[in-house]
Structure formats: structure tokens, C-alpha cells
Amino acid sequence: MINKSDKNKVLIPNRGVIALDIIDSLKSIGLETILLYSPEDANSLAVKLACRSYKFLSSKLEDSYLDREMIIEKALELNVDYIHPGYGFLAEDPEFFRLCEEKNIEVIGPGSKVLSIVEDKIELRKIAEDLGIRVLKYSKVIKSHLDYEKIPESFHYPLILKPLKGQGGKRIRVVENKARGEERASKMLQREDTKRMGIFAEEFYPDSHHIEIPFIRDINGNILFLPEIESSVQRRFQKIFQESPSINISDNLRESLYEDSRKLIEEINFVGLGYTEFIVNNGASYFSEINPSYQINTLIPEIHMIANFLKKQFAISNGELLHHVKGIRILKPKYTILLVSLMAENPFDEFRPSSGIVTEFFSYSTIRNMFKTSLYTGAKVSPLYDPYIGKIATFAERRENSIKDMNNFLKNIIIKGIRTNLNFLRHVLNSNCLFSGDTTIDFLNQKCKFNERKRTEEEHQVAAALLSSIFHIDNRKKNYKEQLEKMKQPGFFKRLFKKF
Amino acid sequence: MINKSDKNKVLIPNRGVIALDIIDSLKSIGLETILLYSPEDANSLAVKLACRSYKFLSSKLEDSYLDREMIIEKALELNVDYIHPGYGFLAEDPEFFRLCEEKNIEVIGPGSKVLSIVEDKIELRKIAEDLGIRVLKYSKVIKSHLDYEKIPESFHYPLILKPLKGQGGKRIRVVENKARGEERASKMLQREDTKRMGIFAEEFYPDSHHIEIPFIRDINGNILFLPEIESSVQRRFQKIFQESPSINISDNLRESLYEDSRKLIEEINFVGLGYTEFIVNNGASYFSEINPSYQINTLIPEIHMIANFLKKQFAISNGELLHHVKGIRILKPKYTILLVSLMAENPFDEFRPSSGIVTEFFSYSTIRNMFKTSLYTGAKVSPLYDPYIGKIATFAERRENSIKDMNNFLKNIIIKGIRTNLNFLRHVLNSNCLFSGDTTIDFLNQKCKFNERKRTEEEHQVAAALLSSIFHIDNRKKNYKEQLEKMKQPGFFKRLFKKF
Amino acid sequence: MKYKFQLDKKNFETVIANSTTFHSETEIRINKQRVNILIGEYDEKEIRSIFLDNKLYQVEVEKNNEGYPTGIYIDGEYYSANLLKIDKLFYYKEKETVSKKSGTVKSFIPGNIVKIFLKEGDTVKEGNLVLVHEAMKMENEMRAPISGTIKSIGVKEGENILANQLLFEIE
Amino acid sequence: MKYKFQLDKKNFETVIANSTTFHSETEIRINKQRVNILIGEYDEKEIRSIFLDNKLYQVEVEKNNEGYPTGIYIDGEYYSANLLKIDKLFYYKEKETVSKKSGTVKSFIPGNIVKIFLKEGDTVKEGNLVLVHEAMKMENEMRAPISGTIKSIGVKEGENILANQLLFEIE
């Protein structure tokens, strides 16, 4: 009965908090949000909040969120006007964008042309070098273990081995010496898709900082730069803790980062929303790559602007111009914003991903913090997908207050039924190293090891008291039940009263 | 084992969102928050988040949250440094403050002296009149139905009858003529406590606006004024929808409201946080009363300041001075902030309060909205207490965007197990009358009647389709179960196979 | 199955195929329009949400003591409801009689006998309407579960009856 | 009851009065300190939170297949645990034997017989230690449920036994 020929339909082939942010942002500007979801995600909050939802036939990634053809087919069938791919999955895939462009479906993003430039990390660095931008030293493409010899002798170990294309830190490896490097490279090249594109090597500085510059550029070339984000604190190349602005870069360096970014995105004519990434080592910056989509840390620019980043992205993508920006504008930060990633993984069991049904969930937010999560009591955390389940931000004028607030807020969250990294995050937030700002890339490996944390005598006593009390009650209940069973047996009362 | 002689203990004899806000705010500045809670509130979120919690012996109000002696006894026993009464309950009770002051327990608030001035609504108006402030016309105290004759003939009906002292709108009545007034007055005076203090009458203008000015005044007399709040939209004198700033007052009037407020709070030497209340009719303002405690709408000043109001209140109460305020400072609003009150009541059943266990609860907030609630899946909404269960705020530069965002956000909340006023709020937010700003005191009675809303043909068809589908499945399941039962009966299969 | 409902005092007629479980998307007819229905979330007790044309609705059905719907909350919005008529009430029971061939029909809830169309000794075919039983403002057409002769009718027109009372017997 | 626990490789001893249910606030001893315990939230399955000195802790106990705790999450923080010893394991069973006077003692979980203190024909008093049975690293002192003579001992020192195996019999 509802077959309006609405011109404002947006298809969202994504899940979790990503889908939620898109649904919420685009619904609020009057768009009909149509979600594509896998059977595994049937009870997700995204399905509850989307205007309409269509189920993929399979929960396998390649047959659902990564199935370009199926998504485009559905887009055509439903006659949607836009696709918002979110981030991850197909959000940075030039081929997906190209196919959509062919079918005249508008995909939110910088377009297939920009994406294919940005995708090739070596070519992008060459462009940067031509513009006079200092880049991280990089090797030629390595397509077989024989190519490993191509890495110049001048490269200092440790090195990072990375796939030439493709996002996410899961396939990145740090190697300590040549032997390990060759071994690792041939392992990486055993994956069919990695072999096809190849990998490359770059130098790794454990003591460096990871800095990102969020930006929005409109079709007229006006650019809004948001305050930089330091995302050095990573576990297995996944960003765990981020802060903005960074206290580890000077004003001069900051300016040069903006200038480098400007040159680069103007050169490739990037229209839309993205992040330039730099490694900062000993006060010098090295361009690393461009993230051409909205990211996990979008809450940070949102709080700096006190505005919805996705609404802005949508407007720019539709050819609107930036408000109050003629030429270049660099937003000055008013707050120190912290952001942590909530993961369904057990820090007490080697960070193994945890899945299951959430049996209890509550939290209480205040004006200076924000918690976005796909969790609710009864939610299913699937073993099929990324364990990323939420993000928490706090902000204050003074960095130490942001840290204090984050510490306090993490205690206001209770999650049961699945294991989460909440206590790991508390450990990170409480470390002196973080407080003093010594947040380098090796932070979690060297400076703030979770397994080395100490417990107080009091904590142990509390644990012992609680455990023995619970065991006592359990045991009592069990014995009581057995007793009851006995009483039900024939002759019990007869035997009892024989005594009298 | 934990018997530290900590000097930073605060006792919180309150519940629900009120207790949660205090716990969260004061915990974050390092105070040990000690909650007193009734047995009925044992599973509340406040108990989960407080540092420590002590149970009252009874859930009856007079033996728990209103039991001055018991609370003070507990404060002394636990050797607390502060009591934060929140709002409601004992928060504006001069006697409670006096008793605490006697025992040298610091209570957060303006002190017993100011509270006893503010409490007597007639005396306070006399003070205002002496300062040249226009006040709502008021009668002498009425202590028996005979006193009703004291109401001057010049008073125009409808009139409001109010208890002389005491907060909350529950005992306020509007009367249309003298006969109804006398009847209602004698009814009100049947309550022992009301009779003791007496009631009084004031004129009622259905077409007027209800305006509040939040303020903080420090011990040196510096005053920070926050943007005014219009809280005209009330149901049974409970504020349902509030906005700030008001679009119904001119800049001149706004200035005079600040000036009147200043004179008054300086005259009575009010130190702390409070609100002055005015009725605005035909462009003229009439002082009505002072709310001497933190209120239900505290989120509004918090968003204007992007700061925690309760932390500020605590600091001022401890003799700290306002930051960046010398003399008088009036904060200019950057946003239009809307606030609605979430109530556990059924708008489809004459707003009867609803209680029970929350079986499902979820919501998803974005940067421009805030949802504070004591609800969670599994929470118990008690029939013993106020049905107020949460507050929702949105803010935007433009009023229409705030309204749009609120409308959108209300759809992002799902609550089951209890009935709530969510759909009533949606109705209010969607009304043309609200959109155009015609928010007068009679809004809900005259301009936006819930029972007169229309449903579309499509809505009805959706309802019919859903209901019949559910009934179909239920019936099918029931029959299936009956069938199974039959199959279990002896001889069923014998009878079945006899056929062959 | 045909269902006749009153919602907010308006009548609606729905047609749902007998075997429908809505565990996969299924088309139903409502006042001659067609919509797709799919169960969303459910537990042992009830259906908690349901898709209509791929839009998920949160539902809570209000029932009377006999288990019949008197209203429904859809995304928190309440519609008073009244089940007027079901054309084939005992789908499964009817099937069952194929094997059991019992001709005894009892009342399933208390109510009132509105009309009796046949009398003792009449010949009936399976499916013939024998009497109409009204309960909770819902008319139930009680039909012959087997073909045969009416052996006895246990009620009179206008009679108030209890649950599980003999209505009629066919042999 | 005395409980001996290992937590993060440290030993703790707790004393809890036999009849304690913690449904009202109750003092227990832990390594000679005293703390107050009160159950917070619980359902049929488990205790979900518990007060210690009026502070509420969220708890999740990790158990092995036999139902013995191997760890506890307290407000999300994990402590590995090991139940070493319980001084009176079968509180209720002991009481029960007052009326039943059964002298047969069986193993309640699989494990290992660490030590046997008495032999067949020995005279025992109620409560005398007969043997020690270790299971899941927990030592269980198996005592005589009644006074009498040991009729038979069904196990040997060092033997691995199953659940419900006869340990000894007294008449």
C-alpha cells in the first residue's frame, strides 16, 4: 500500500553503529532510510530504527555487505536516489562506486576517480612527493617473496608490511628483521587478493605519533579543516584511544600538516569528507595516506563543530557549498575531546572476540560525554563481524578534565552477557603515560601493558569476599534443593517421625 | 574493611533521574556519593551507580525520602560532609535545612533563611512589590472557607487557588467562578497540612506565558543569568514541554525580567542556584515565585553553558566564586533548546500513571540531542512515586530544526512493559500551534487537544493488517498446541491408523 | 482465513491464507489492498515486532481475559480493536476431525447463542453452518465438522452458555 | 562454613555462618577482617550483583563443568579463582543423616583420592575424617556421617574415581 515515488530514498548497506549514525542523521533531514541487513543482524537496533529494511539472503560478508552486484540490484529495484556506504565494507571501493556511477545511482563519497587514486598507497605517495610533501619511506610493490630483495638496504628495521590497497589494520604486520620480513611477506602473499595487488614496506618508528586531519571540501574548492586527531594508541593497528587536538605537535608543525593536506586534496580534486594521515616523528611529519570516507572517529569533528558531520557530508555530496567558508578555514578547537572504542573482546583472555546475547546493559550520560552503541539488553553480538560495538567521547576545556570525565563515565557503563574491553579502556585511561601525553605508536606494547597492571590487597579481599559469599549461597541453594527432593521421596517423613 | 575517614562524602536522599544526575556530577569531581534509597528503589540505576547505598526501612515517603530525622541521623552516623537533596522532596524545606545547619551538616542549597523567605508566596510578593516589581494579583491567606470572602471583588475569574507554601503543581486548582471557588477551597482545606498554612488566590490568564530565569549567585554577589526558559506548556501544572530562549518576549521585557530578578535575589541575599518565575501576559510581566533548587529543566542551562550545572552549584555552595563573572553577566543563547518530560503514564487512558517492569528499552542519541532517564530493560517503575522517568533535550541554531530533531529523536525511543507519554509528546511536537510559537498556559487544554488528533486511512490499515496477522499467528499457535495435546492422549495414533 | 475487525469504530476485513506463519514474507489482503507481512522479533509469549512492507513496527496487543484482542499499540500509538468475525475458527480442529471424525461440537468460550439454523434430525454436509455463537462481541459461525445427521442440539437460541458446553452432535 | 580460596595465586580464607542467605545484611570474616554482605539483584539462575559494605558490585562467576568457580568478574575485572577447601561440604546432608542415619558415603564429583586415614574395621565417631578426595584442585574432607564401624572402603589412595562411586560405608 505504501508505494510513494519519494525522491529521497537512501540505501544503507552497512551495520552496527555505522548504520545507526547514517539512519539517524539522514532520517532527521527527511530522507527515507532503507537498510540492507544480513540475517545475523535481524534483531539489530539499525533494523528497529531504519524506515525500511531488506534482508540479504546470507550472512556471509561476500554475499551481503560486500556483494556489490546484489546491493546495486537492490538499489535499482527499490529505485533509491542515494547509497550511503558508511565506512569500511564498500565505502572506499572504487569499483563499487564505478558500478553505481554507471547506473546513475549517487553514492555518498568522493567518487570512483578519487577513490582509485587514493587507494594505491604508493602512487598517492608519489603524488605527494611531487608536491614537495615529505612522505614515509616506502618500498616498491612486492608481489612475490623474491621481490622482497627490492627493499633498499637503507631501510631501517623494524619495517611495516602493508597491502598496497585496502583499508583497516588487520593485515598490517611489523617485522623486526629481514628474515622475519621475508617469512611474513610470503605468508601475506599467500592470500589471493593480497597477492593480486601486492604489498609494500615502510619504515616503522615506535616512538612516533599518528595524526589525522579531518576535512570537508566542497565543489567550489572551499575547504573546512577540523582540529587534528591523534590516534597513536592502537592495538593491532586498531585505534583504541584518540584525542583532539594532539598535545604532541607544535603550532608550526600543525600549520604544515594543514598546508600539506591542502596541496594534496586540491591536487587530486577531492570533493567530500575525508582525513589525511601523517606519522610524526621527532617533530617531523610524514604523509602516510588518505581516508576517503567518514570514520570511526567522526564524533570528534562533530563535537568540535557541535554539528552532525554526516548531514554536512550529505549536503556537500549533493553539491551544496560549505557555510561560512570561503577558501580555507581551519576550525580552532575549544575542547580536548577524547574518544575510545568499545569492543566485544575479552582483555583477560588475550582480547579474544566475544559474542553472545547482551543480558544487561545500562549507562548514564551527562552533558560532557557521549556514548553511541548498537548494544541494548537483548542485542546479539555476532561472531561473524568486527567486535567494534560502540564509541565513547568526553570533552572539556582542559585535557585532564576530559581524562577524568572519561574515567568516570566508563564506570557508568554496565554490560553483561558478553565480554568487553571496558576494563582495558579504564586501564589505558588511568595510565600515567597517557596522562602525561606520551602517546606514541608503541604505547600499548611498551608503555601501558595491560597484563602488568597491579591489584591492591583491598581489591583482592573484595573479590574473595564476594566469591565466597556467592559460592556459599549457590551451595546452600543446591543442598536445599537436594533436601527438598529427598523430602519428596516416599517414606521420608515416616523415617523422620520414627525418632519420636 | 573500608572505613576511610574521607572528607568528601555527600549523602543523597533522592531517587530517579534526580539522584542519577547528582551521583554522576559529584562522583566526577571526586566525591563519595552515598545514596539513601527506599526498598522499592532497590534495583534502580541510582543504586547501581552510587558509590555506596543505604536502604530506608520503608518505601512510604514520610518514612523515607521525606523523613528529615532519619536522613539527618544517617548523615551523622555515616559522618558525611554534605547532603544534596536534589529537587522535590526536602530540597526546598526550610525546616530540613535548619535541622542540618544545627548539626553542622552542609546542605547544598541557599540555606534555611532564604528558603523560609521564598517559601511563603505572599510574603515574597510583598517584598517584590516593595522593590517596585509588578506581581500577580494575590489574595490574603485563606484558612477556612469563610475566608474566601476576603478575595476582593475586583479579582477576575478564572482564579488559581494555591497552597501558601510548598512546591509542585499537584495541589493547584483553577476555578471558573465564585461558587466553584468556594467549593474547591473548602475541599483543599480539608487536607490537614494545607489547612495549617492556608491557601490563597491569584488571577489566571489562560493566554499568558510562563517564563523562568535560571541564575547562579555567588557569595560575593556576582550573578550569572542564563537564558530564560518558557515553560507554558503544562498538563495539570506539570511542565511537559519547555524551550529556551522564549520567542514570546521582547528584548525589552527580557531585560526587565533580568532586572526584576536581580533586585529580588539581591534583596533576599540568595546565594546559590535558583529560578525566578514570571507570568507574561499581553507583553507585561508579573513576578510569581522563586524556585530555590535545581530543577527538572537543568539540562537547558547546561546546554547553554555546555557545562555541568550541578558541579557549578556545588562549587558556589562551597564558597567558590563564579568564573568570568564580575557583577552581573547575562549569557546569550546560541541555540534554541527544547526539553520534554518523559512520564510513565498512558495518554490513551486519561494519562493514568503506569507502573511495572520495563521489558524493552532502547534509544540512539546524536550530537544534538540528549536523553536522560532512569529506565533500562528490567527497571521497575514503581506506582509509589511520581511518574516522571526522564528528560529529552534537543538543540539547534534554528528553532524549527530543534523541533524537527525532537520529532525525529522521539521516534528513536522504544519502551515496552510500561506505558509512557511518548506518543503524546510526539503529538505536542507536531502541532502547528507549537511550531508557530503560540505556547500559552492553556496550550494543552485549548489548542492542542490530544483526543482530537486525527488518524489517516493508512494508519488504520496498517493497524488492521498488523492486528489480524498477530491474531492469526496466535490462533494458529493455540490450535497447534491443542493439536499436540491431543496427540499425546492415549489412543490418538491408534485412532489415526485405524483408517489405513 | 477471513478476519473482520473493528478498529477505532471502522471495519476492516483481512484475508490470510490458512497455513501462513509469517516466518517468511507473506502477502495478505486488507480491505482488498495487498501488503507484505513478516514477523520481526518474538519470544515464547508474544510477537514483539512485525514488518509490514519492510517497515518494522513495534507492537503490543491488549487482550481480554479470554485472550481476544481489545486493542493494539503500534509504535506506542493505541488503536481500540474489536474482533467481529472469523470465518473458520477451528482450522486445526477441522483438520483433526478428518482423522477423528468426531461430530461433537462444544463451545470454546462463554457467550450467547444468536441463531440456530438447523434442528435435530436434519442432514448436514461437512462445513454447513449449524449455529452462530457470540462471545466478546465476536460472532463465531459453528459449522458441521463432518457430514451426517444432527443427533442433538444442546442449546437454544438466545441462551447464555458456558465454555465447553455441548452445542450439537452429528453422527 | 570455612572456605579456602585462591585468587590470583593468593590464598584467602572466609568464614560464613552456616545459615547465612545474605538476604539481609550479614557480616562475614575474610582473612580475619569483617565485611558486610547483602545480595543485590538475582534471578533464578544466578546472583547478578552484591553489596559489600554498602557498595554494589556487579558480579559474574565463571564455573567449570562441575559447577565449581574458576574465576569471577567484578565490575568487569577478572580474577582467576580456585576453591581449595570447604570444611563442611555437606551441611544439609549431615543434618539429614540425623534422621536417616545412612553410613554410606559416595563421591559427588570425579577426582582423586589423596589420602585415606582409616581402614576397614576401624571404629569411628560421627565427624571423624575418613579420607580426602581432591577434585578440580579442591580438597574435600570426607568425614563419617554417623558413629560406628567402617564396613568397607571402596577406593584406594591415588585412585582416580568417578562421581557417585562408593567411598566408604559405616554401620
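Since the structure is predicted, the reported quantities are computational estimates derived from the model, not experimental observations. Here is how names work: the chains are called A, B, and so on, in the same order as the sequence lines, proteins then strands, and each is numbered from 1. When reading the values below, keep in mind they use all heavy atoms of this one structure, side chains included, and skip hydrogens, waters and symmetry mates.
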Heavy-atom distance under 4.5 Å to chain C: side chain of B/Glu360, backbone, both or neither?
side chain
Contacting region of C/Ser80 [heavy-atom separation from chain B under 4.5 Å]
neither
Is it the side chain or the backbone of C/Val59 that comes within 4.5 Å of chain B heavy atoms, both, or neither?
both
With a 4.5 angstrom heavy-atom cut-off, which part of C/Leu7 approaches chain B: side chain, backbone, both or neither?
both
Using non-hydrogen atoms and a 4.5 Å limit, figure out which bit of B/Asp474 sits close to chain C: side chain, backbone, both or neither.
side chain
Using non-hydrogen atoms only, which part of C/Arg29 is less than 4.5 Å away from chain B: side chain, backbone, both, or neither?
neither
Does either side chain, that of B/Glu230 or that of B/Ser232, offer a donor lying less than 3.5 Å from an acceptor on the other one?
yes
Is it the side chain or the backbone of B/Lys477 that comes within 4.5 Å of chain C heavy atoms, both, or neither?
side chain
Can C/Lys55 be said to sit on top of C/Tyr57's aromatic six-ring, NZ or CZ under 6.0 Å from centre and within 45° of the ring axis?
yes
If we ignore angles and hydrogens, is there a donor and acceptor under 3.5 Å between the side chains of B/Asp438 and B/Ser436?
no
Measure centre to centre between the rings of C/Phe22 and C/Phe51, then say whether the value is under 6.0 Å.
no
Which residues in residues 422-433 of chain B have a heavy atom less than 4.5 Å from any heavy atom of chain C?
B/Asn423, B/Arg426
Closest approach of B/Ser468 to C/Ile16 (non-hydrogen atoms, all atoms of both residues):
O-CD1, 3.7 Å
Scan B/Lys411, B/Arg453, B/Arg419 and name whichever one has a salt bridge (charged side-chain N to carboxylate O under 4.0 Å, His left out) with C/Glu77.
B/Arg453
Counting heavy-atom pairs closer than 4.5 Å to chain B, which one of C/Ile28, C/Asp75, C/Thr26 comes out on top?
C/Asp75
Would you mind checking which part of C/Gln58 comes under 4.5 Å of any heavy atom in chain B, side chain (CB onward), backbone (N, CA, C, O), both or neither?
both
Taking atom types as modelled, find out whether B/Gln238 and B/Ser341 have a side-chain donor-acceptor pair closer than 3.5 angstrom.
no
Find out whether the Lys NZ or Arg CZ of B/Arg455 is both under 6.0 angstrom from the six-membered ring centre of C/Tyr79 and within 45° of the ring's axis.
yes
With distance as the sole criterion, is a donor-acceptor pair present between the side chains of B/Thr366 and B/Asn369 under 3.5 Å?
yes
If you measure only the distance, is there a donor-acceptor pair under 3.5 Å linking the side chains of C/Tyr73 and B/Asn346?
yes
Heavy atoms, side chains only, cut-off 4.5 Å: are B/Asp41 and B/Tyr385 in contact?
yes
C/Lys4, part contacting chain B, at a heavy-atom distance under 4.5 Å
neither
